[in-house]
Amino acid sequence: MMPIEHQVCSHELAARLAELGVRQESAFWWVDRKLTHTGGRASHTPRHGGIAAFTAAELGEMLPDEVIITAKNGKPHTHWLRFGRYRGAGQRFWCAYPGGTARTTLEERAHTEADARAQLLIYLLEHHLLSAMGLRS
């Protein structure tokens, strides 16, 4: 069985998502850098310095199925969300909006699927391709 620490985004990525305004709703929380399961009762966790430790599934719900990215020639292209895993060691998981011939591919790689998804969500938020308003797990 995979440890839960490998199924949620890292503390650093969780903190960045909180800074970007992602609503703090998750079944798991980082409190004092320790992972905690709230059992759905997270109302007191933020008051104790906790931040949402989003699972790969929760992050998957937040990532849009498609994004429209403008190519260098000014033409908008629709990209569909894809994710997968490489064989071997290193950054094994990827999450992307492949661009095909548009050369506008967005891709993030990480050691866990949750981190790859969190990194891509952060990219979308930082580059104003997605708004944190209404994002929820």
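Scope of the values below: all heavy atoms of this structure, side chains included, with no hydrogens, waters or symmetry mates. Quick note: residue numbers are just sequence positions, from 1. It should be emphasised that the depicted structure is a prediction, and the values quoted were computed from it without experimental measurement.
- The two residues Val8 and Ala53 come nearest to each other via the heavy atoms CG1-O, 3.5 Å.
- Distance alone, capped at 3.5 Å, places no donor-acceptor pair between the Thr55 side chain and the Gln7 backbone.
- The environment of Asp65 atom CG is sparse: at most 12 non-hydrogen atoms of other residues, nucleotides or ligands sit within 6.0 angstrom.
- Residues Ser26 and Ala52 approach most closely at CB-CB, 3.8 Å, considering heavy atoms.
- Interatomic distance, SG of Cys9 versus CZ of Arg16, reported as 13.0 Å (0.5 Å rounding).
- Leu35 places a side-chain heavy atom less than 4.5 Å from the side chain of Trp30.
- Of all non-hydrogen atoms in Pro64 and Leu124, the two that sit nearest each other are CD-CD1, 4.0 Å.
- For the atom pair CZ of Phe93 and CZ of Arg109, the computed distance is 13.5 Å after rounding to the nearest 0.5 Å.
- Taking both residues in full, the closest heavy atoms of Glu107 and Trp94 are given as OE2-CB, 4.1 Å, listed atom of the first, atom of the second, then distance.
- Ile68 CD1 to Lys75 NZ: the interatomic distance, rounded to the nearest 0.5 Å, is 12.5 Å.
- Note: the hydrophobic cluster containing Leu120 also contains Ile69 (ILVMFWY, side chain heavy atoms under 4.5 Å, direct or indirect links).
- At a threshold of 4.5 Å between non-hydrogen side-chain atoms, the residues Met62 and Arg117 do not count as touching.
- The hydrophobic cluster containing Leu20 also contains Leu129, counting ILVMFWY residues as joined when their side-chain heavy atoms lie under 4.5 angstrom apart, directly or transitively.
- When all heavy atoms of Ala18 and Ile51 are compared, the pair lying nearest together is CB-CG2, 4.3 Å.
- Considering all non-hydrogen atoms of both residues, Val31 and Gly50 come closest at CG2-CA, 3.9 Å.
- Side-chain atoms of His79 come within 3.5 Å of backbone atoms of Pro98 as a donor-acceptor pair (strictly under, hydrogens ignored).
- When hydrophobic clusters are built by joining Ile, Leu, Val, Met, Phe, Trp and Tyr residues whose side-chain heavy atoms come closer than 4.5 Å, directly or via intermediates, Val67 is grouped together with Leu59.
- Contact check for Leu121 versus Leu130: side-chain heavy atoms found under the 4.5 Å cut-off.
- To the nearest 0.5 Å, atoms CH2 (Trp29) and NE2 (His37) are separated by 12.5 Å.
- Judged by distance alone, with hydrogens and angles left aside, the side-chain atoms of Asp115 form no donor-acceptor pair with the main-chain N or O of Leu13 at under 3.5 Å.
- Side-chain contact between Phe54 and Gln24 is present, with heavy atoms from C-beta onward closer than 4.5 Å.
- Residues Glu5 and Lys34 are not paired through a salt bridge, judged by the lack of any N-O separation under 4.0 Å between the basic side chain and the carboxylate.
- In this structure, Leu81 CG and Leu106 CG are separated by 10.5 Å, a value rounded to the nearest 0.5 Å.
- The CG atom of Leu17 sits 7.0 Å away from the CG atom of Leu125 when rounded to the nearest 0.5 Å.
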